[in-house]
Structure formats: structure tokens, C-alpha cells
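Worksheet for the structure shown next.
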Amino acid sequence: MIRVRFAPSPTGFLHIGGLRTALYNYLFARHNDGKFLIRIEDTDRTRMVPGAVEKLFEILKWCGLNNDEEPVIQSKRLDVYKKYVEELLEKDSAYRCFCTSERLEEMRKLQIAKKQPPKYDGLCLKLSKDDSEKLSKEKPFTVRMKMPQEEIKFIDIIRGEIKFHGSLIDDQIILKSDGYPTYHLANVVDDHLMEISHVIRGEEWLSSTPKHVILYRYFGWMPPQFAHLPLLLNPDKSKLSKRQSDVAVEDYREKGYLHEALLNYIALLGWSTEDSQQIFEINELIKKFTLERCGKSGAIFDAQKLLWMNGEYIRKMPVEELARRSSPFLQKAGFDIKNFEFLKKCISLEHDKIKLLSDVPHLIDFFLKNDIIYDEKAVNKVLKKDGVNKILTDIAGIYSKIENFTAKAIENETRKYAEVNLLKTSQIFHPVRVAVSGRTEGPSLFDMIETLGKDRVLSRLRNVIGGKNG
RNA sequence: GCCGCUAUCGUCUAGCCUGGUUUAGGACGCCGCCCUCUCAAGGCGGAGACCGUGGGUUCAAAUCCCACUAGCGGCACCA
């Protein structure tokens with residue numbers, strides 16, 4: 001049975017790199033008819049952020065990455081970890097350390113100054129079992145695991161065999177003096193207890209994997225299979241960070257990205273098919289995803305490509321749904337949409353121009369408000385030309401006589417006027433467009449005019465003729 | 001500093017395992033043309049990678065081997 005987990009630490013928001021890890025775990029589980037679980041790694045009390053866990057679940061739900069079992073919360077399992085630490089202590093695979101943070105700090109500084117690798121000097125290792133026992137009742141202490149002085153090997157599904165030498169690895173603290181476990185211990189214990197078959201996580205964990213392998217050995221447990229995903233990078237190739245890019249998934253939601261597009265784009269950062277297919281809906285991703293086809297090198301997060309992909313998804317989306325999903329953005333922009341059918345009509349006219357849901361308000365605002373803002377450049381370039389006023393006056397007269405105010409009829413009448421007066425159609429179309437919408441770019445002219453409606457079109461034309469625009 | 005990972009167009013990548021079918025393929029972006037009432041969308045085309053460098057092996061190497069270099073990651077009572 002394939003069982004995987006996404007194990008974030010709740011530090012405020014879900015990082016886009018975390019989302020990618022979650023997605024790959026999810027895809028791997030679904031592809032193999034396995035289970036996708038979530039574990040909250042909240043063992044650092046100094047980094048507790050109120051509400052972070054709730055936010056995390058909320059955003060994961062928005063993405064549609066649903067977990068199959070009740071989430072495991074590490075901070076509620078202190079007694080479990082304590083028990084396993086005791087076991088290690090008893091087996092002599094770990095020892096208590098009474099050194100103060102100050103001493104440790106000093107030692108590290110000295111080692112770095114001497115260009116030695118920073119590593120615990122093993123002072124408390126020399127304590128006898130009885131002394132250690134006795135001292136533990138008087139002084140605060142941490143527990144360290146003993147690193148064996150030998151080569152440690154493991155297989156990474158993505159990278160193949162990885163070797164580290166134990167002598168270079170520190171006697172890692174597994175239990176802090178506040179009674180909380182550190183990542184390494186909690187992670188190994190929980191992965192075992194949750195019967196995790198595959199650990200799929202970011203590359204930053206590669207160098208601590210030997211510690212985990214040793215812990216499995218000490219407990220006598222079968223380790224899971226490991227797969228370390230390449231990192232997501234800033235444009236300067238450093239690890240994707242807040243400083244250089246938007247890294248919170250919620251930022252992308254707020255900017256008007258679709259979760260489908262975000263997931264699709266992110267899936268391609270470190271994974272691909274042989275034919276370099278770009279657009280995948282989630283079921284197709286599930287069907288085609290394998291760890292064997294994951295890459296090894298870090299991938300720069302390209303916001304431009306994501307934007308393109310979002311546009312692709314929006315273009316494919318039925319107007320009905322697009323209107324529904326843009327509604328929050330319209331409301332936020334101050335539009336009260338009472339008439340959903342009218343909204344759909346407006347959106348359909350601009351459909352293939354929309355790249356973000358947040359583009360919608362601006363793109364259709366001249367349909368929704370009465371007092372439109374005239375773009376200064378458009379006015380100067382198009383409306384302030386000789387003869388424009390006469391053309392618009394004539395057009396207003398013609399439009400006012402059209403009984404059946406449809407795009408077809410409006411177009412026929414407009415073209416007829418051009419022909420009779422020996423004008424190029426563009427000499428009419430452009431001024432009318434600006435007069436009616438306030439700008440030079442917009443939907444197909446006659447559809448736009450029809451949708452706007454006769455009254456509004458005439459009143460806008462007359463306003464312009466009367467010189468009432470900016 | 002030490003340890004580890006990685007290395008194909010600006011970016012994401014295919015191809016590498018199982019050498020020749022590769023004048024190294026696709027996608028984003030960029031440029032041009034077409035369509036056209038504008039902006040998009042769409043269609044067509046183009047520029048863009050001597051496959052990190054240097055050595056081998058071989059009739060033949062992006063593909064196999066070695067060395068080097070560069071970039072990144074890790075080296076906490078953080079995860």
C-alpha cells in the first residue's frame with residue numbers, strides 16, 4: 001500500500017515550494033491508488049503562528065489537495081516521542097546532553113574560526129549512565145542521537161545511491177530541553193507510525209536523510225523510500241524566497257490565478273512527459289505522474305509562463321463559471337452585480353483577453369458604470385480630430401432611428417453611412433469606440449454597442465459631441 | 001571551511017539508462033507576417049543551446065568513463 005504525506009510546519013502561509021511538494025505527494029498517491037496524508041510539524045514553540053494551521057488547510061482545500069485521513073498534529077503527541085526517546089536512551093543509541101546553549105554557541109564559533117566543521121565535541125557522551133540519570137533530575141537537558149562512525153548509504157528514487165560518512169555528521173539533538181522533539185526524531189517516529197511508504201520532500205532534506213536512516217536502524221524499523229525533489233528557485237537561482245518573488249499560495253489566489261493553472265504550472269517545475277505536453281488537467285496529471293520522470297535540477301519559477309497558462313485555462317472556461325469566479329473580484333472593485341446574465345454577456349465579449357480573474361473588473365467596467373472615464377490619450381488621438389464631431393453627430397442621429405438595436409443592424413447602418421459619405425470605416429469605428437467606451441481597445445464594436453444598449457450609447461455619444469468628456 | 005546535489009536555447013524542459021534515426025524536439029517569452037473595427041485570441045514563420053570546461057573510450061558521444069569548474073543546498077535546543 002502506497003502511503004505518502006505532506007508535512008508542513010505552520011509558519012504563517014503555504015509556500016509555493018510547499019505546494020509543489022504537496023502536489024507531487026498527492027499525484028503519487030492518487031496515481032498508485034494510495035493514501036495522501038497530512039502531518040503538521042509544529043514542534044517549534046518559538047515559531048508558533050496563531051491561525052497558521054487553519055490557513056494551511058484552507059488553502060490546500062482551495063487547491064483541491066484533499067487528505068485521506070485525519071491530519072496528525074505533532075504538538076499533541078509529545079508523550080509518543082518521549083517514549084521513543086526513552087527507548088533510544090535505554091539502547092544506548094542516544095545520550096543526554098547537559099551543555100548550555102552558550103557553551104555550544106562558543107564552541108561553534110571557535111570551530112568555524114579554526115575552519116573546522118561545526119560539530120558537538122561529545123563532552124556529555126563521557127558521562128556515566130548513573131551520573132546522567134542523576135543529573136537529569138537537577139538540570140535541564142537535551143537528548144542527542146549517536147552517529148555511527150561509518151559510511152551511510154541510501155537510495156533516492158530521483159537521484160540514485162547517496163553516500164555520507166557518519167563521522168562528518170553531528171550527534172543531532174532529537175529531544176529539546178523543553179520536552180519537544182526536533183524534526184528528525186518526530187519525523188521518523190511519525191512516518192513509521194503512519195506507515196508512510198514513500199517520503200517525497202524537498203532537496204533541502206537530502207543531507208539530513210542519513211540521520212533518519214540511522215534512526216530507523218536504531219529502532220529496528222524498515223525505512224521508507226526516499227525521493228528528494230529539486231528546489232524551486234528565484235530568477236537568480238537562489239532558493240525561492242519572499243524577498244524576490246511572491247511565494248505564498250494565497251498571493252496567487254488574490255492576484256486572480258486559478259488553482260488549476262497554478263497546479264498545472266507547478267507540476268511542470270521538475271516533472272515532464274516525454275512529449276513535453278504543457279496543459280494537463282488534474283486527472284491527466286494523476287494518470288501520467290511518476291517519480292521516475294522527475295528531474296534533478298532546480299527550476300526557476302517563471303511568473304510569465306504561469307500567467308500565460310492562467311490565460312489558457314480562463315479561455316477554456318465556460319463563461320458561466322468564469323463569471324461566477326470573477327464575482328469576488330468585481331465585488332472587491334466595488335461593483336454590485338445584480339444582473340448575472342448581463343455580467344456573463346459582458347465577460348463573454350472580453351473572454352479571450354482575460355489572463356487573471358482580477359483583470360475582469362477593469363476590462364468590463366464601462367459596461368457596468370454610467371459615468372465612464374475617458375482615457376486622455378484616446379481622446380486626444382481619436383476624438384480631437386477634424387470632422388469627428390460631425391461624424392458622431394450623424395451616427396447618433398442614425399442610431400437613434402434604429403428600432404431593432406442589434407449588432408447586425410448597427411453594423412449595417414454604420415457601414416452604409418461610411419459608404420454614402422465616402423469615409424473609410426476606420427474613420428467612424430474608432431471615434432465611436434472611444435466615445436462609447438472611453439478607450440481605444442475593447443470588444444468587437446457592434447457587439448459592444450448592442451450590449452451597452454441604445455440609451456447609454458446615445459447619451460455617451462451626445463456627451464462627447466457636447467464636449468463633456470475630459 | 002566541510003559534506004552533498006546539480007549542470008541541454010533567457011526560462012521550463014524532451015532526448016541520455018538501451019551511443020548513430022538530432023541540421024538537438026516542444027513550451028513560455030521575444031521578433032516578423034497573416035487575420036482584423038481596436039486590443040486580445042488564433043494561424044504561419046523566425047531568431048535563440050557548438051548540449052558547463054578539458055580529457056579519454058569508439059568508425060561514431062548531448063548520450064559511456066575520468067578530471068575540473070561553476071551554481072545551489074545542508075552543516076541550530078528551525079523545520
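A note on names: the letters A, B, ... follow the listed sequences, proteins ahead of strands, and every chain is numbered from 1.
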query: In whole angstrom, what separates A:Ile169's CD1 from B:G4's C1'?
result: 10 Å
Proximal nucleotide (of B:C12, B:A27, B:U11) relative to the A:Gln278 side chain: B:A27
message: Looking at A:Lys255, I want to see if its NZ is surrounded by more than 12 non-hydrogen atoms of other residues, nucleotides or ligands under 6.0 Å.
response: no
message: Could you tell me how far apart A:Tyr265 (OH) and B:G29 (P) are, to the nearest whole angstrom?
response: 12 Å
field: Rounded interatomic separation in angstrom, taking CZ from A:Phe289 and P from B:U13
entry: 13 Å
query: Partner of B:U57 by Watson-Crick or G-U wobble geometry, both contacts under 3.5 Å, or none?
result: none
- request: Output yes when A:Asp121 and A:Arg103 qualify as a salt bridge under the 4.0 Å nitrogen-oxygen rule, no when they do not.
  value: yes
- prompt: Rounded to the nearest Å, what distance is computed from the CG atom of residue A:Leu306 to the C1' atom of nucleotide B:G29?
  reply: 14 Å
- line: The Watson-Crick or G-U wobble partner of B:G52, with both key distances under 3.5 Å, is B:C68
- prompt: For atom C1', what is the distance between B:G25 and B:G48, given to the nearest Å?
  reply: 14 Å
message: One character per nucleotide, please: for nucleotides 31-46 of chain B, 5' to 3', B when the base has a protein heavy atom closer than 4.0 Å, S when only the sugar-phosphate does, - otherwise.
response: ------BBBBSS----
message: With a sphere of 6.0 Å drawn around NZ of A:Lys316, does it hold more than 12 non-hydrogen atoms of other residues, nucleotides or ligands?
response: yes
- prompt: Would you say A:Lys83 has more than 12 foreign heavy atoms packed within less than 6.0 Å of its NZ?
  reply: no
- line: Taking a pair to mean Watson-Crick or G-U wobble geometry with both distances below 3.5 Å, B:C75 pairs with B:G1
- prompt: Is the NZ or CZ atom of A:Arg293 positioned over A:Phe289's six-membered ring, under 6.0 angstrom from the centre and within 45° of the axis?
  reply: no
Rounded P spacing from B:G26 to B:G46 in Å: 10 Å
field: G-U wobble or Watson-Crick pairing nucleotide for B:C44 (cut-off 3.5 Å, both distances)
entry: B:G32
Could you go through residues 105-117 of chain A and list every donor-acceptor pair under 3.5 Å that involves a side-chain atom there, pairing it with any protein atom two or more places apart or in another chain?
{"residue": "A:Gln111", "atom": "OE1", "partner": "A:Lys119", "partner atom": "N", "Å": "3.0"}
{"residue": "A:Gln111", "atom": "NE2", "partner": "A:Lys119", "partner atom": "O", "Å": "2.7"}

- prompt: Atom CD of A:Gln277 to atom C1' of B:G25: distance rounded to whole Å?
  reply: 15 Å
message: Does A:Gly295 reach a base, just sugar-phosphate, or nothing at all? Heavy atoms under 4.0 Å.
response: nothing
- prompt: B:C17 and B:C65: how far apart are their C1' atoms, nearest whole angstrom?
  reply: 15 Å
- request: Specify the residue among A:Ile300 and A:Ile162 whose closest nucleotide of RNA chain B lies further upstream toward the 5′ end.
  value: A:Ile162
- line: When rounded to whole Å, the NZ to P distance for the pair A:Lys305 and B:C12 reads 10 Å
query: What integer distance in Å separates A:Ile279:CD1 from B:U13:P?
result: 16 Å
query: Using the C1' atom in both, what is the distance from B:U69 to B:G54, to the nearest Å?
result: 10 Å
task: Name the orientation class of the two ring planes belonging to A:Phe141 and A:Phe98 (parallel below 30°, tilted from 30 to 60°, perpendicular beyond 60°).
output: tilted
- prompt: Starting at CG of A:Leu268 and ending at C1' of B:U13, how long is that distance when rounded to a whole Å?
  reply: 8 Å
- line: Residues passing the salt bridge (charged side-chain N to carboxylate O under 4.0 Å, His left out) test with A:Lys242, sequence neighbours excluded, are none
message: Work out how far the P atom of B:C30 is from that of B:A41, and round it to whole angstrom.
response: 9 Å
task: Check every strand shown and say whether A:Lys115 touches a base, only sugar-phosphate, or nothing at a heavy-atom separation below 4.0 Å.
output: sugar-phosphate
message: For the CD1 atom on A:Ile373, are there more than 12 heavy atoms of other groups (residues, nucleotides or ligands in this structure) within a distance under 6.0 Å?
response: no
message: Under a 3.5 Å cutoff, is there a donor and acceptor pairing between the side chains of A:Tyr81 and A:Asp190?
response: yes
Atom pair CG/NE2 of A:Asp191 and A:His212 - distance to nearest 0.5 Å: 9.0 Å
- prompt: Which residues satisfy the side chain to side chain contact (heavy atoms under 4.5 Å, CB included) test with A:Glu350, sequence neighbours excluded?
  reply: A:Lys353, A:Leu363, A:Ile364, A:Phe366, A:Pro443
task: For nucleotides B:U6 and B:U13, find the distance between their P atoms and express it as a whole number of Å.
output: 14 Å
- request: Identify the nucleotide, in any strand shown, that forms a Watson-Crick or G-U wobble pair with B:U18, with both distances under 3.5 Å; if there is none, say none.
  value: none
- line: In 5'-to-3' order, the base (B), backbone-only (S) or no-contact (-) status of each nucleotide in nucleotides 16-22 of chain B, using a 4.0 angstrom heavy-atom cut-off, is -------
Separation between the P atoms of B:A27 and B:C68, rounded to whole Å: 40 Å
message: Over all strands shown, is A:Arg293 touching base, sugar-phosphate only, or nothing at heavy-atom distances under 4.0 angstrom?
response: sugar-phosphate
task: Determine, for nucleotides 69-79 of chain B in 5'-to-3' order, which nucleotides have protein heavy atoms under 4.0 Å from the base (write B), from only the sugar-phosphate (write S), or from neither (write -).
output: ---SSSSSBBB
- request: Please determine if A:Asp302 and A:Lys305 form a salt bridge, counting it only when a charged side-chain N lies under 4.0 Å from a carboxylate O.
  value: no
- prompt: How far, in whole Å, is B:U8 from B:C64 if one measures between their P atoms?
  reply: 15 Å
message: Let's test this: given Watson-Crick or G-U wobble pairing with both distances under 3.5 Å, identify the partner of B:A27.
response: B:U11
query: Is there a donor-acceptor pair closer than 3.5 Å between any side-chain N or O of A:Asp375 and the backbone N or O of A:Arg439?
result: no
